[in-house]
Amino acid sequence: DDDDDDDDASYLQGRYNPTEENITQSDVMEFQQDYKEVEMVEDVGSLAQSLGASHLGRSLGLQKEMMSYKASQAKMGEQVQQMQMQQQGHNSIGSGVGGGVGGGIHIM
């Protein structure tokens with residue numbers, strides 16, 4: 001595994017042609033400052049697969065959340081409908097029995 005750096009250099013040399021520009025001292029300083037922020041991706045396929053799996057996981061989570069939300073909305077709608085039907089039932093029964101304000105008062 002000590003030869004990995006040598007293998008990488010020869011591998012990359014065949015894939016990426018050197019540029020015409022010379023690297024300046026300021027370029028070297030910039031590279032040294034930014035090296036912790038940059039990550040070399042050697043296997044793009046694995047990276048793409050990982051990102052795809054992450055995206056799929058988020059999508060499935062959002063889908064589950066939406067289904068749960070829709071189910072709770074439907075249940076709430078059913079409850080409101082039942083309450084309205086019960087109120088209508090009480091109103092029709094109550095109006096037939098004595099009828100409105102003062103309906104139970106008899107004047108002699």
Side-chain angles (χ1 to χ4, degrees):
D1 287 335
D2 294 330
D3 301 311
D4 285 343
D5 292 337
D6 295 334
D7 292 341
D8 288 343
S10 62
Y11 170 74
L12 294 175
Q13 189 176 23
R15 290 188 66 174
Y16 303 103
N17 295 326
T19 64
E20 298 289 327
E21 300 176 32
N22 292 326
I23 297 175
T24 65
Q25 186 62 32
S26 64
D27 291 335
V28 172
M29 291 174 62
E30 186 178 339
F31 295 152
Q32 290 173 341
Q33 289 174 353
D34 295 340
Y35 83 96
K36 290 183 181 179
E37 298 174 19
V38 178
E39 180 181 341
M40 180 68 172
V41 177
E42 293 182 15
D43 186 0
V44 175
S46 293
L47 176 63
Q49 188 175 17
S50 175
L51 291 173
S54 175
H55 179 71
L56 177 62
R58 282 194 304 270
S59 296
L60 291 174
L62 287 172
Q63 184 179 12
K64 182 179 178 182
E65 190 176 320
M66 287 300 297
M67 295 298 285
S68 175
Y69 175 76
K70 286 181 180 180
S72 69
Q73 289 295 319
K75 187 174 183 179
M76 194 179 308
E78 288 176 12
Q79 290 174 345
V80 167
Q81 192 175 20
Q82 287 176 353
M83 288 174 57
Q84 288 174 343
M85 290 175 66
Q86 288 175 352
Q87 286 176 347
Q88 288 174 354
H90 288 325
N91 287 345
S92 63
I93 292 171
S95 63
V97 169
V101 177
I105 300 174
H106 294 288
I107 300 175
M108 300 206 146

Participant: How about Gln63: does its CD atom have over 12 heavy atoms from other parts shown lying under 6.0 Å from it?
Facilitator: no

Participant: Any side-chain heavy atom of Arg58 within less than 4.5 Å of one from His55?
Facilitator: yes

Participant: Apart from Val28 itself, which Ile, Leu, Val, Met, Phe, Trp or Tyr residues share its cluster (side-chain heavy atoms under 4.5 Å, direct or through members)?
Facilitator: Ile23, Phe31

